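Computed from heavy atoms alone, side chains included, the values below leave out hydrogens, waters and symmetry copies. Bear in mind the structure is a predicted one, so any value in this text is a computation, not a measurement. To find a chain, count down the sequence lines: A is the first, B the second, and so on, and within it residues start at 1.
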Amino acid sequence: MDMITMEQKWRKRWEETNLYSFDRTRTDKKLYCLEMFSYPSAAKLHAGHWYNYGPTDSWARFKRMQGYNVFHPMGFDAFGLPAENFAIKTGIHPKDSTLQNIATMEGQLRNIGASFDWEYELVTCLPEYYKWTQWMFVQMYKHGLAERREAPVNWCPSCNTVLANEQVMGDGTCERCHTIVERRNLTQWFFKITKYADELLADLDKLDWPEKTKQMQRNWIGKSVGSEVVFKIEGCDEPMRVFTTRADTLFGVTYAVLAPEHPLVDIITTEECREAVEEYKVMASRASEIDRLSTTREKTGTFTGAYAINPVNGRKVPIYIADYVLASYGTGAVMAVPAHDERDFAFATKYNLPIERVIAGNEGVEDELPFCSHDGHLVNSQQFDGMGVDEGREAITAWLKEKEEGDFKVNFRLRDWLVSRQRYWGAPIPIVYCDKCGTVPVPEEQLPVELPYDVDFTPDGQSPLKKHAGFMNCKCPVCGGDATRDPDTLDTFVCSSWYFLRYPDNKNAEKPFDTEWINQILPVDKYVGGAEHACMHLLYARFFVKALRDMGYVNFDEPFKSLVHQGIILGPDGYRMSKSRGNVVSPDEFVEKYGSDVFRMYLMFCFSYVEGGPWNTDGILAINRFLERVERFVVSSLEMKGEGVYEKAEKELDAVRHYTIAQVTADTDKFQFNTAIARIMELFNALYKYTANNDNINGKLVQDIVRDSVLILAPFVPHMAEELWEMLGNEYSVFNQAWPVHDPAKLVRDESEIAVQVNGKVRARVVVRTDAESDEVQQIVLADEKVAAAIDGKNVVKFVYIKGRLANIVVK
RNA sequence: GCGGGCGUGGCGGAAUGGCAGACGCGCUGGAUUUAGGUUCCAGUGUCCAAGUGACGUAAGAGUUCAAGUCUCUUCGUCCGCACCA
């Protein structure tokens with residue numbers, strides 16, 4: 001079979017007959033199958049794209065054959081940094097390069113033979129899409145979920161530009177010029193995802209997602225139950241608020257620490273300390289967050305000269321600044337209890353600060369300082385002495401609450417989502433600033449705020465759009481007076497946080513989507529994409545859906561009911577494919593030589609889907625060989641004669657057929673494609689075995705099984721299955737056929753061979769009736785001479801029987 | 001550093017707590033073929049005294065009649081860490 005010509009023939013036929021067109025009338029059995037859309041940064045599909053889209057497409061085809069009305073769209077996540085950087089390097093405009101890349105990739109996606117319905121395609125960088133991304137921003141703003149405030153960015157003082165974290169090297173320098181990167185505050189927009197922290201955490205339990213992904217989101221959200229305590233500062237009207245999970249240790253506070261970026265720092269620092277504090281702030285602005293949170297890194301800090309008053313005992317404690325305290329977590333201030341916290345202990349030891357025990361270990365508990373265990377009770381804590389750790393925490397917080405110097409507080413690690421980007425290639429933020437009216441959202445009828453084409457986006461310290469007078473200067477939508485636009489663009493994660501809502505209604509010019517329609521098609525039933533999105537894209541999308549639900553635009557709580565992560569295809573050397581390593585394998589040459597079916601099945605057979613693994617070209621030859629073996633058998637089966645014989649051999653062959661159907665169905669459903677294909681290989685091995693050296697075959701039975709085998713092969717090798725299906729004399733299309741269902745009765749065996757263990761070691765095998773009970777099996781087994789020899793006259797103390805599989809005799 | 005994975009033959013990988021290594025690659029042997037990067041069949045974890053044998057799932061301990069699987073410790077490795085998408 002010439003795979004290449006054959007595949008082209010069927011792709012043409014599929015397109016002409018609109019085989020994959022979604023039926024909008026049958027929403028009762030709808031199934032929304034979605035792969036994460038691709039980013040057109042390179043013109044060609046790489047192995048990773050193939051690995052995401054090929055197997056998932058097979059799953060979608062399998063579901064279609066099971067009778068589901070499958071909605072399977074594809075599109076492009078087209079805004080983003082790489083196109084802009086490419087433009088800075090080459091002078092090619094991001095819009096031109098992106099649209100060119102999309103055209104090429106779309107052609108390739110059609111050629112992998114996937115069942116996408118291209119009628120529903122979307123491209124996020126086109127005005128008809130980003131109009132609604134901007135609309136989303138306006139809704140967030142109107143519902144109090146978008147807020148403008150100061151936030152730090154990475155700043156390269158030499159390039160005079162904002163850098164993405166990706167552009168900052170491991171040593172904290174700029175990737176372009178190797179200058180040390182600093183942090184600078186800019187006023188930027190945030191989405192208040194933290195408002196949904198509790199629900200985002202709780203609803204994880206409802207999702208059919210990989211447990212590890214849910215765990216990662218739980219940790220990312222980082223709920224922590226504790227107390228907020230108010231410390232007055234000497235000579236300052238504004239108090240210092242600290243968050244702590246250990247209010248029980250309040251009597252042991254010997255100093256306090258502010259993050260170097262904390263707004264109080266400038267107010268409270270005394271003249272003598274100012275120089276050291278300023279110096280320290282500069283140093284801290286150069287350390288990365290990962291470094292700052294490292295528990296092994298040496299703690300540093302400096303005294304501000306100011307003192308705080310501990311509300312539980314009125315004691316004066318010095319206030320330091322230190323970079324192990326982050327402005328972005330909690331209140332940006334901590335109380336330090338060196339006796340009962342590792343980090344505080346290290347810091348106090350280094351700077352000679354007092355260390356005072358307030359928790360003693362319970363009976364028999366080793367309590368050398370720092371003693372951080374909860375297995376203790378309060379000491380040196382006045383009226384609270386003797387209380388347990390948890391009891392003390394509650395009692396002290398309740399007491400502070402009464403005095404209005406503290407309260408119970410739940411804190412999250414999750415931070416609000418910074419969506420402003422000082423870049424060109426993104427959706428402009430639809431906000432206008434007017435001297436008279438202030439911050440004004442652009443009204444819906446004026447959307448989209450179009451991204452101008454002729455913009456100078458070479459880095460020079462400003463957002464590129466700020467330099468475009470035609471874009472920046474506008475009229476205020478409220479008063480009509482002169483006003484200016486927000487010069488920033490939206491984080492591309494905003495575009496990808498709602499695209500799955502747009503697909504089913506992608507041509508709607510009136511609204512982002514029709515609520516009633518979307519409520520029928522959503523949520524996405526199966527979402528497939530990389531695990532690297534666990535904490536960001538997947539969390540942002542969940543937040544969007546919850547926010548839109550509360551605004552009344554959708555009636556469901558979660559975007560993705562069921563989630564699967566594909567693994568990563570590594571280079572042949574076992575390392576991640578990268579140009580610099582020179583281990584990149586391109587799918588193209590293999591697809592051109594063997595066809596897309598062979599390539600797809602190779603990806604599905606040679607790896608565990610969720611694990612991935614190193615590339616191995618031999619596997620492609622193996623699949624090619626297997627498919628040739630399939631074709632030879634199907635062709636030869638056409639000539640087979642004979643029917644009516646149904647003896648032991650036929651019964652066995654038929655059992656293999658039904659076992660295969662059962663296993664392939666179950667495994668494919670769970671994305672365990674490699675084992676599903678292994679079972680199909682076994683079926684063909686059994687078919688070959690049955691027909692070899694057998695002059696009295698049941699040709700009718702064989703042909704019947706071949707028919708089923710083509711059906712169960714269809715999702716994995718769609719083009720070839722169409723060809724074989726036609727060859728067998730059937731009507732187009734194999735994908736309009738019902739998926740075979742196995743007959744459990746054909747699987748039942750009267751007798752089973754079981755393994756017999758003596759003290760856990762296999763000593764014999766015996767054949768028993770499959771439905772025999774434990775007592776009966778025990779008698780048969782003990783009568784076996786090998787077993788008797790192994791028991792060797794010892795006493796049987798226990799007998800365990802696992803039906804049809806194994807018996808274990810415990811002797812002493 | 002923190003968080004989350006993973007670790008099984010020469011290789012890719014299988015194993016609801018129940019006979020470790022399915023299926024495939026590679027290798028060995030046989031048959032077919034003028035020929036083969038063909039096809040078909042058989043064998044293939046390690047060790048030895050070759051068996052109704054011993055050992056064997058990164059290392060060490062534990063729970064269990066039974067552990068690759070559950071628990072703890074250690075080592076190695078990969079991914080994410082909020083401006084790559």
Next on the checklist: I'd like to know if A/D416 and A/R149 make a salt bridge, using a cut-off of under 4.0 Å between side-chain N and carboxylate O.
Outcome noted: yes

Checklist entry - Going by modelled atom types, is there a donor-acceptor pair between the base of B/C83 and the side chain of A/Q188 at under 3.5 Å? => result yes

Checklist entry - Quantified in whole Å, what is the P atom distance between nucleotide B/G24 and nucleotide B/U44? => result 14 Å

Checklist entry - Can you tell if the side chain of A/D784 reaches within under 4.5 Å of the side chain of A/I780, non-hydrogen atoms only? => result no

Next on the checklist: Measure CZ/A/F626 against P/B/C40 and give the value in whole Å, please.
Outcome noted: 11 Å

Checklist outcome for this item: Symbol by symbol from the 5' end, with Watson-Crick or G-U pairs under 3.5 Å, [ ] crossing and | another strand, RNA chain B is (((((((..(((.....[....)))((((((.......))))))((((..).)))..(((((..]....))))))))))))....

Checklist entry - Roughly how far apart, to the nearest Å, are B/U69 and B/U64 at atom C1'? => result 13 Å

Checklist entry - Mind checking whether A/F37 and A/Y499 have ring centres under 6.0 Å apart? => result yes

Next on the checklist: Using a heavy-atom cut-off of 4.0 Å across all strands, would you classify A/H533 as base, sugar-phosphate, or nothing?
Outcome noted: base

Next on the checklist: Please tell me if A/R632 has a side-chain N or O lying less than 4.0 Å from either OP1 or OP2 of B/U38.
Outcome noted: no

Item to check | C1' spacing across the pair B/C65 / B/A54, given as an integer number of angstrom | outcome: 22 Å

Next on the checklist: Students often get this wrong, so: under 4.0 angstrom with heavy atoms, is A/L418 touching a base, only sugar-phosphate, or nothing?
Outcome noted: base

Item to check | Donor + acceptor pair across side chains of A/Q422, A/D488 (<3.5 Å) | outcome: yes

Checklist entry - Under 3.5 Å, is there an N or O donor on one side and an acceptor on the other linking the side chain of A/N808 and the base of B/C65? => result yes

Next on the checklist: Which is it for B/G24, anti or syn, if anything within 90° of zero counts as syn?
Outcome noted: anti

Checklist entry - Contact class for A/G612 vs. all strands (heavy atom < 4.0 Å): base, sugar-phosphate, or nothing? => result sugar-phosphate

Checklist entry - Between B/C23, B/C25, B/A85, which nucleotide gets closest to the side-chain atoms of A/T492? => result B/A85

Checklist entry - Hey, is A/R218 close enough to A/E211 for a salt bridge, meaning N to O under 4.0 Å? => result yes

Item to check | Nearest-nucleotide comparison on RNA chain B, the residue closer to the 5′ end among A/I623 and A/Y688 | outcome: A/I623

Next on the checklist: What's the closest nucleotide to the side chain of A/L414 if the choices are B/A14, B/G18, B/A82?
Outcome noted: B/A82

Item to check | Side-chain donor/acceptor contact of A/R765 with base of B/C19 under 3.5 Å | outcome: yes

Checklist entry - Which nucleotide in the list B/A85, B/C23, B/A14 gets nearest to the side chain of A/D77? => result B/A85

Next on the checklist: Categorize A/I677 for me: base, sugar-phosphate, or nothing, with a 4.0 angstrom heavy-atom threshold over every strand shown.
Outcome noted: nothing

Checklist entry - Would a line drawn from the ring center of A/W615 to the ring center of A/Y602 be shorter than 6.0 Å? => result yes

Checklist entry - Considering only heavy atoms and no angle criterion, is a donor-acceptor pair shorter than 3.5 Å present between the side chain of A/E532 and the base of B/C84? => result no

Item to check | Residue mapping more 5' on RNA chain B - nearest nucleotide basis, A/Q422 or A/Q215 | outcome: A/Q215

Report each atom pair, protein N/O against N/O of nucleotides 53-55 of chain B, whose distance is under 3.5 angstrom.
| from | atom 1 | to | atom 2 | distance (Å) |
| --- | --- | --- | --- | --- |
| B/C55 | OP2 | A/K761 | NZ | 3.2 |

Item to check | Residues A/R625 and A/E628 bridged, charged N to O under 4.0 Å | outcome: no

Checklist entry - Are A/F191 and A/V494 side-chain neighbours, meaning at least one heavy-atom pair lies under 4.5 Å? => result yes

Item to check | Separation of the C1' atoms in B/C70 and B/U16, to the nearest angstrom | outcome: 14 Å

Next on the checklist: I'd like the P distance from B/G36 over to B/C55, given in whole Å.
Outcome noted: 46 Å

Next on the checklist: For a quick test of reading the model: is some side-chain N or O of A/K689 closer than 4.0 Å to OP1 or OP2 of B/A42?
Outcome noted: yes

Checklist entry - Is there a side-chain polar atom (N or O) of A/R625 under 4.0 Å from OP1 or OP2 of B/G26? => result yes

Item to check | Any A/N685 side-chain N or O less than 4.0 Å from OP1/OP2 of B/G24 | outcome: yes

Item to check | Spacing of A/N624 atom CG relative to B/U38 atom P, expressed in whole Å | outcome: 11 Å

Next on the checklist: Checking contacts here: which listed nucleotide (B/C25, B/A14, B/G4) is nearest the side-chain heavy atoms of A/K212?
Outcome noted: B/G4

Checklist entry - Quick check: does any side chain N or O of A/W425 sit under 3.5 Å from a backbone N or O of A/C125, one acting as donor and the other as acceptor? => result no

Checklist entry - So which heavy atom on A/P210 is nearest to which on A/H565, and how close? => result CG-CD2, 3.8 Å

Item to check | Audit row: A/F347, A/Y324, ring-ring contact (aromatic ring centres under 6.0 Å, His included) steps and yes/no | outcome: CA-CA 10 Å; A/F347 191 87; A/Y324 73 91; 5.7 Å; yes

Next on the checklist: Between B/G21 and B/U46, how many Å separate the two P atoms, rounded to a whole number?
Outcome noted: 14 Å

Next on the checklist: Measuring only the C1' atom in each nucleotide, how far is B/G43 from B/G37? A whole number of Å is fine.
Outcome noted: 22 Å

